[in-house]
Amino acid sequence: MTRIASRWFSSLIFLAAAGTAAAQTTDGQWDATVNVNGVVIPFRLDIAGVGSALAGTLYNGDQKETTTGAEIVNGSLVLSFDHYLTTIRATPRDGRLEGKVEGRFEAEKYLSDYPFEAKPHVEQQDTVGNAPSIAGDWIVPYDSAKGEKAWRLIVRQEGTEVSAAILRVDGDTGALTGRWHSGGFLLSHFDGSRPLNATVQPQPDGTLSIQLQGPFSPTEKLTAYRQDVALARGLPQPSDYTTHTSVRDPREVFAFSFPDVNGKTVSNSDPQFHDKVVLAIVTGTWCPNCHDEAQYLVQLYRKYHDKGLEIVALDFEEPEQQDSLKRERAFVKQYGVQYTYLIAGAPSEMWEKVPQAVNLNTWPATFFIGRDGRVKHIHAGFAAPASGDFNAQLQAEFTQNIEKLLSETPDVTTADLARPLDIESLP
């Protein structure tokens with residue numbers, strides 16, 4: 001396992017040209033924070049290059065999120081992550097960087113500004129004493145609005161350093177990284193989205209006390225139990241990602257008809273999808289877990305498209321994004337998306353636009369459709385690499401289902417289902 005990033009300390013190399021004459025370059029390492037409604041969230045930010053080569057990098061554990069654009073404007077650094085609609089603006093002042101992060105981090109706010117600060121990096125000394133081992137899989141009882149009774153906590157540990165993720169039915173928190181400090185593990189995450197702090201404290205009875213701080217997180221403390229302990233106590237288990245969502249009638253063809261980004265209507269009855277295995281993804285570029293999945297879907301499309309796989313994203317964007325589709329366009333470019341992207345409507349319209357689905361309440365949701373146009377399998381949410389073995393299990397499930405469907409020859413094809421009935425041929 002690569003060295004897990006520290007919660008409190010990170011690096012920032014800031015290269016900037018100032019003035020209209022000679023270029024002034026400032027090198028350094030910085031520890032960055034964003035303040036979301038009084039919650040100060042540390043994160044790692046790297047900047048390298050000058051001029052057109054200037055680029056910034058945020059981290060989701062071992063995964064990187066790079067800028068879609070970076071520039072110096074009137075002596076201030078501007079880092080754009082347009083695929084998240086997130087922008088960092090920072091000005092050097094008294095040996096520090098000060099500014100703001102603009103982004104959509106709260107349910108009731110479209111875009112807001114949040115204080116940003118960075119100070120020169122100081123290498124953190126190893127904590128005196130040994131940190132207790134919390135590595136492994138844990139069960140976190142929690143009644144969610146999506147009908148869940150429990151979440152998972154997945155922890156990797158290397159000495160005093162930890163990388164963890166809370167996995168819900170719709171996906172994970174991203175990698176929460178940090179280390180042991182004063183009786184607890186202090187963890188945080190910010191990769192351009194889902195800012196979150198987590199304090200994890202081992203208890204005498206072998207459980208973990210978890211306090212989350214950030215948008216969309218519970219305010220009450222949570223308790224995590226080792227998997228075997230949870231089973232022995234009969235505690236509720238996390239939802240099954242493969243049965244959470246279903247369809248009202250498995251004999252019904254999965255139908256869609258929405259415009260692409262250029263306004264051209266694309267439907268399931270188009271020749272593009274005839275006799276093909278199709279993954280239909282209910283998604284939105286405002287959804288961090290949908291970003292996680294898209295990067296994997298790009299790999300699947302590259303591997304299986306020539307063998308008969310089509311992927312179509314049914315994209316639900318906020319009303320504020322419907323005209324420009326700025327984030328959607330940046331998302332497609334950033335991740336190299338080659339599969340079909342359709343603009344299905346606003347998030348509040350999801351149930352109306354996908355009426356065949358039952359208990360559809362996760363972003364994303366992936367429908368596996370056979371050559372006959374009918375849904376064969378559904379996977380709710382997406383367990384990203386931060387979820388460890390659960391990401392490996394997901395990849396095995398996806399590839400197994402795709403290869404199985406590609407190998408099948410249906411009695412009725414999508415072309416047959418789309419063909420008008422010939423009354424005269426009936427007996």
Side-chain angles (χ1 to χ4, degrees), residues 107 134-156 162 164-176 185 187 189 194 196-248 282-283 287-290 292-293 347 350-351 354 357-367 375 377-394 396-398:
I134 63 169
D137 298 337
W138 301 74
I139 299 298
V140 183
Y142 185 74
D143 290 319
S144 80
K146 298 181 186 294
E148 299 164 277
K149 296 299 181 182
W151 293 338
R152 297 186 187 277
L153 172 68
I154 302 103
V155 183
R156 294 183 299 160
V162 156
I166 293 176
L167 178 58
R168 310 170 305 267
V169 71
D170 50 356
D172 60 52
T173 56
L176 291 156
F185 292 92
L187 314 177
H189 175 89
R194 49 189 166 189
L196 183 64
N197 280 349
T199 301
V200 180
Q201 295 178 308
Q203 301 299 300
D205 63 358
T207 64
L208 300 177
S209 173
I210 304 171
Q211 181 68 67
L212 301 177
Q213 291 181 297
F216 305 103
S217 63
T219 56
E220 68 272 25
K221 284 188 177 181
L222 306 175
T223 301
Y225 300 82
R226 290 283 187 186
Q227 175 74 61
D228 57 343
V229 173
L231 288 171
R233 292 191 179 189
L235 296 178
Q237 294 295 300
S239 297
D240 187 331
Y241 314 107
T242 65
T243 60
H244 181 80
T245 299
S246 59
V247 289
R248 62 191 179 191
V282 174
T283 187
C287 153
N289 301 120
C290 301
D292 294 335
E293 184 184 38
M350 175 182 66
W351 299 276
V354 192
V358 177
N359 199 39
L360 176 60
N361 59 11
T362 65
W363 302 89
T366 304
F367 294 78
V375 175
H377 181 73
I378 304 171
H379 188 101
F382 185 81
S387 293
D389 289 344
F390 293 96
N391 174 255
Q393 293 171 18
L394 178 146
E397 173 201 327
F398 273 44

Inset, instruction - May I ask you to decide if A384's main-chain N or O and D172's side chain share a donor-acceptor pair within less than 3.5 Å? - result: yes
Inset, instruction - Check the side chains of T283 and E293 for a donor-acceptor pair under 3.5 angstrom, ignoring hydrogens and angles. - result: no
Legend entry - Exercise: identify the closest heavy-atom pair between R194 and N289: NH1-ND2, 3.5 Å
Inset, instruction - Keeping the roles fixed (side chain from W351, backbone from L360), state whether a donor-acceptor pair exists under 3.5 Å. - result: yes
Inset, instruction - Indicate yes or no: does R168 engage D170 in a salt bridge with an N to O separation below 4.0 Å. - result: yes
Inset, instruction - Would you give the length of the straight line joining atom CD of Q227 to atom CG of L235, rounded to the nearest 0.5 angstrom? - result: 10.0 Å
Inset, instruction - Evaluate side chain to side chain contact (heavy atoms under 4.5 Å, CB included) for I166 paired with V140, printing each intermediate quantity in order. - result: CA-CA 9 Å; I166 293 176; V140 183; 5.8 Å; no
Legend entry - Q211 CD to Q201 CD distance, which is reported to the nearest 0.5 Å: 9.0 Å
Legend entry - Nearest non-hydrogen partners of A150 and P236, listed with the distance: CB-O, 3.4 Å
Inset, instruction - For the pair Y142 and W151, name the ring-plane relationship: parallel under 30°, tilted 30 to 60°, perpendicular over 60°. - result: tilted
Legend entry - Interatomic distance, N361 atom CG to S144 atom OG [nearest 0.5 angstrom]: 7.5 Å
Legend entry - N391 (side chain) donor-acceptor with A383 (main chain) under 3.5 angstrom: yes
Inset, instruction - Kindly say whether P364 contributes a backbone atom to a donor-acceptor pair with the side chain of T362 at under 3.5 angstrom? - result: yes
Legend entry - Worked check of side chain to side chain contact (heavy atoms under 4.5 Å, CB included) between F398 and T366: CA-CA 10 Å; F398 273 44; T366 304; 4.1 Å; yes
Legend entry - Separation of R156 CZ from I134 CD1 (nearest 0.5 Å): 12.5 Å
Legend entry - From CA spacing to verdict: side chain to side chain contact (heavy atoms under 4.5 Å, CB included), W138, R152: CA-CA 6 Å; W138 301 74; R152 297 186 187 277; over 6 Å; no
Inset, instruction - Check whether any side-chain heavy atom of F185 sits under 4.5 Å from a side-chain heavy atom of T199, and report yes or no. - result: no
Legend entry - Flag side-chain contact, heavy atom, 4.5 Å: P238 against I139: yes
Inset, instruction - Look up atom CG in L153 and atom CG in L222, then write down how far apart they are to the nearest 0.5 Å. - result: 9.5 Å
Inset, instruction - Please report the shortest heavy-atom distance between A198 and L212, naming the atom on each side. - result: CB-CD2, 3.6 Å
Legend entry - Smallest separation among heavy atoms of K149 and Q237, with atom names: CB-O, 4.4 Å
Inset, instruction - Would you name the heavy atoms of G136 and R226 that are closest together and state the gap between them? - result: CA-NH1, 4.0 Å
Inset, instruction - Could you pull out the closest heavy-atom pair between E397 and H377, with the gap in Å? - result: OE2-NE2, 2.7 Å
Inset, instruction - Could you tell me whether a side-chain N or O of T223 sits under 3.5 Å from a main-chain N or O of S209, the two making a donor and an acceptor? - result: no
Legend entry - Residues F367, V247; criterion side chain to side chain contact (heavy atoms under 4.5 Å, CB included); working and verdict: CA-CA 10 Å; F367 294 78; V247 289; 4.2 Å; yes
Legend entry - D389, CG: over 12 other non-hydrogen atoms inside 6.0 angstrom: no
Inset, instruction - Could you grab the distance from atom CZ of F216 to atom OG1 of T173, nearest 0.5 Å is fine? - result: 14.0 Å
